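Take a look at the structure set out below.
Only a predicted model underlies this, so the values are computations on that prediction, with no experimental measurement involved. All ligand and atom numbering here is 1-based and tracks the order in the structure.
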Amino acid sequence: MERAPLIRKTAHDLRVPPHLADYAAECRTFSWDAARQALQGLPGGGLNIAFEAVDRHAAGALREHIALRFVSRSGPALELSYAELARQTNRFANVLQTLGVGRGDRLFVLAGRLPELYVAVLGALKNGTVVTPMFSAFGPEPIATRINIGAGQVLVTTDVLYRKKIKAMREQMPTLRHVLLVAEDGGSTDDPGTLDLGALLRAASDAFSTVETQADDPALLHFTSGTTGTPKGAIHVHGAVVTHHATGRYALDLHADDRFWCTADPGWVTGTSYGIIAPLLHGVTSLIDREEFDAERWYRLLETERISVWYTAPTAIRMLMKAGPELARQHRFPELRFVASVGEPLNPEAVWWGKEVLGLPIHDNWWQTETGGIMIANTPAFDIKPGSMGRPLPGIEACIVEHLEAEGEPPRVRVLEQPDVEGELALKAGWPSMFRGYLNNEARYRKCFADGWYLTGDLARVDADGYYWFVGRADDVIKSAGHLIGPFEVESALMEHPAVAEAGVIGKPDPVVGEVVKAFVSLKDGFTLDEALRLDILGHARKRLGAAVAPKEIAFLPVLPRTRSGKIMRRLLKARELGLPEGDTSTLEGGA
Ligand code: ATP
Ligand code: MG
């Protein structure tokens, strides 16, 4: 289906006046120092993420406002007001103090989306303790590897997860001093060598003075998704809160009366920066669904929870698309006013799907574990060019660079001033949530910077209007007969075919042209695979892309391999195709 290249915003889209109305003026006048002034700061002049997110509101007009609302299939919803969240996180910080865990020590959390996870993360931050939330579906090996890389001293987990994943491995995590257990569904927490978190919290005082952390003190250790290789541990500081606040305002347009739902798990950086921190900074009510993806349930939650701002990921959108429009038509979303997506390129087809099914286009935005917060975004006030990730937010300077031939480190780059030229996406180093290191890998960290730019490892281009277009990861780009082919372009064309639910594209070595494009496709519900359909999809791609860029081969899979954060793992498609070792699969969904 041919679509217009621009989605214009309507009065309905803008019924709540957006924070970022005049992009050019805001970019001109923005300063990170001024952005910092929107926060309170600690009494002694320091900065602490949890203090800004929780205590600032608990001591003010929002004290009885609901901060977090947990829903699950079993049992009623559980709500925590800002005041209650402040008390509980104080208790948790006091528990850590009693255990002798302090500033700079490292705490890991392994739990489903339970209230205790949120309390532990925020309570630890108040205590100056560095936090790493992990996906609860990780297997024992990836858990132990991360705790060991991070030299974790404390682990917060549940009785069930402990017995299943930790107990047998405990000896192999020598730095771990304390394991604090939450009882799941009335279970018991009497395992030797563990402590009952519930009992400790009840015994602790609910008054605590946030530790005087400084903007440069480490706060969070996040592991990357492992899409292109072994996950890297990125260190973030308390000063990141300034970016979390500014981006919650500009890119998610959060207003205090919003009901916000970020569908990402806190085990992925999105689920922490925007599933915990940013919404609290803006005093909104966040929905936390304890269940896994289910199309019908998600539509129902959007409707009955009266979600106004929704932040999700392309993988979820593709799954909703796969389930078909009938399901969506059984629901109405009158309160929904803004939808955004991150994690992977958002195919134009998905942007349009939002417009048709939810009544709102989906706003793609781009960032990475390393950037700590949203950097490039489609915001409420912009018209959308479907397929573009939007424009750099105020305070963020982006450009496209090429690498210069140079010996050794640091690498040298040249900024490409011309629009529409492909190169590596780079950001002017120094925004507050920029990572401050890869744990135990200083050399790798240094290699990410050149001439004052942070090099993202992603290829992109910028058009004459300043909109950025994702081409592919530097590692995934296909070189065929002298052309550089970005997988995203090919995947987006395949997604336009009515039968295609998702597509992953790789380069397959070829003696004549270097690499040929091979596509892996899964089909939407209701379509069956036969030769005619295969030829039809190939024909469609050839018509859209031309013979040089269109896939030569196409294979069908029931689902594509993806990371737990929902990204298609092209390196795995490639390794399997070529019969090579699969490499690190610790983050592979379903692979625990
Ligand atoms: P690893 O670094 O371990 O390979 P990862 O890069 O997937 O994993 P994340 O930090 O979770 O780990 O993901 C960031 C990457 O995701 C970006 O560098 C980019 O490649 C991709 N990405 C995120 N958002 C978008 C987007 N809106 N459009 C295109 N790509 C995106
Ligand atoms: Mg990465």
Side-chain angles (χ1 to χ4, degrees), residues 133 135 142 146 149 220-234 236 247 251 264-275 311-315 317 340-348 350-351 362-379 384-393 398 424-427 433-435 438-439 441 444-445 447-448 454-461 467-477 486-489 491-492 504 561-572 583-589:
F135 283 105
R146 282 164 180 74
I149 296 180
L220 293 150
L221 169 67
H222 281 302
F223 287 88
T224 61
S225 289
T227 314
T228 56
T230 305
K232 305 163 283 257
H236 287 282
T247 54
D265 188 90
W268 178 35
V269 67
T270 305
T272 306
S273 292
Y274 298 98
Y311 195 24
T312 188
T315 182
I317 295 164
S341 157
V342 71
E344 278 197 300
L346 186 67
N347 314 92
V351 179
I362 297 174
H363 295 72
D364 188 19
N365 60 51
W366 177 96
W367 58 291
Q368 308 176 304
T369 307
E370 290 85 343
T371 70
I374 302 170
M375 299 282 109
I376 296 178
N378 288 286
T379 78
I384 296 180
K385 298 187 185 189
S388 158
M389 0 192 239
R391 295 190 275 183
L393 291 176
E424 185 166 358
L425 174 63
L427 305 170
S433 66
M434 190 178 87
F435 72 136
Y438 284 129
L439 203 63
N441 202 341
R444 175 113 195 215
Y445 182 67
K447 264 199 212 151
C448 296
Y454 162 65
L455 309 173
T456 65
D458 284 344
L459 300 184
R461 63 188 162 79
Y467 282 70
Y468 280 74
W469 300 78
F470 183 79
V471 173
R473 292 163 181 264
D475 298 0
D476 288 340
V477 164
F488 175 48
E489 184 188 8
E491 289 160 9
S492 288
R562 70 185 82 182
T563 65
R564 293 198 183 285
S565 52
K567 296 157 195 273
I568 296 172
M569 285 172 110
R570 292 176 193 79
R571 70 174 163 97
L572 216 57
D584 190 309
T585 53
S586 62
T587 61
L588 177 66
E589 167 121 328

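In summary, the atoms of ligand 1 found under 4.0 Å from a heavy atom of V342, numbered by their order in the structure, are 24 (N). Listed by number with element, the atoms of ligand 1 under 4.0 angstrom from any heavy atom of W268 are 11 (O). Atoms of ligand 1 lying under 4.0 Å from at least one heavy atom of K232, given by number and element, are 1 (P), 2 (O), 3 (O). Using a 4.0 Å cut-off to heavy atoms of D364, the atoms of ligand 1 that qualify are 26 (C), 27 (N).
Between the side chain of Y274 and the backbone N or O of I374, at least one donor-acceptor pair lies under 3.5 Å. Remark: the backbone N or O of A474 is not paired with any side-chain donor or acceptor of E424 at under 3.5 angstrom. Within the 3.5 Å criterion, the main-chain N or O of L588 finds a donor-acceptor partner in the side chain of R564.
On a distance-only criterion, T369 and ligand 1 share at least one N/O pair closer than 3.5 Å. Remark: ligand 1 and S565 share no N or O pair separated by less than 3.5 Å (distance only, no angle test). The shortest N/O to N/O separation between G226 and ligand 1 falls below 3.5 Å. Residue-to-ligand polar distances place G343 within reach of ligand 1: an N/O pair is separated by less than 3.5 Å. Among the atoms of T456, none of the N or O lies under 3.5 angstrom from an N or O of ligand 1. Any N or O atom pair closer than 3.5 Å counts here, and T228 shares at least one such pair with ligand 1.
In terms of heavy atoms, S341 sits closest to I362 at CB-CG2, 3.7 Å. Closest approach of T369 to H236, counting heavy atoms only: O-NE2, 2.7 Å. P266 and T272 get closest at one heavy-atom pair: O-OG1, 3.0 Å. The minimum heavy-atom distance linking P314 with G343 is given by the pair CD-N, 4.5 Å. Between H363 and N378, the shortest heavy-atom contact is CB-O, 3.5 Å. Heavy atoms only, all atoms of each residue included: P487 and D476 are closest at CG-O, 3.5 Å.
When non-hydrogen atoms are compared, ligand 1 lies under 4.0 Å from the backbone of E344 (N, CA, C, O) but not from its side chain. Contacts between N365 and ligand 1 below 4.0 angstrom, taking non-hydrogen atoms only, involve the backbone exclusively. With a 4.0 Å heavy-atom cut-off, ligand 1 is reached by the backbone of Q368 and by its side chain too. When non-hydrogen atoms are compared, ligand 1 lies under 4.0 Å from the backbone of T227 as well as from its side chain. Contacts with ligand 1 closer than 4.0 Å are made by heavy atoms of both the backbone and the side chain of W366.
Heavy-atom proximity to atom 15 (C) of ligand 1, evaluated over R473, E370, M375, is greatest for R473. Nearest to atom 20 (O) of ligand 1 by heavy-atom distance, out of T230, D458, D475, is D458. Between F223, F470, W469, F488, it is F470 that holds the heavy atom closest to atom 30 (N) of ligand 1.
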Per-pair distances, 0.1 Å, donor-acceptor, side chain in residues 222-234, under 3.5 Å, sequence neighbours excluded:
unit_1, atom_1, unit_2, atom_2, d
T224, OG1, K232, N, 2.9
S225, OG, W268, NE1, 3.4
S225, OG, S565, OG, 2.7

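Between R570 and E491, at least one side-chain nitrogen of the basic residue sits less than 4.0 Å from a carboxylate oxygen of the acidic one, meeting the salt-bridge criterion.
R473 places a side-chain heavy atom less than 4.5 Å from the side chain of K567.
For atom 29 (C) of ligand 1, the closest non-hydrogen atom of the protein is P345 N, 3.2 Å. Atom 12 (O) of ligand 1 has S225 N, 3.1 Å as its closest protein atom, hydrogens excluded (heavy atom only). Looking only at heavy atoms of the protein, atom 13 (O) of ligand 1 is closest to K567 NZ, 2.7 Å.
Using modelled atom types and a 3.5 Å distance limit, the side chains of T371 and Y454 yield no donor-acceptor pair.
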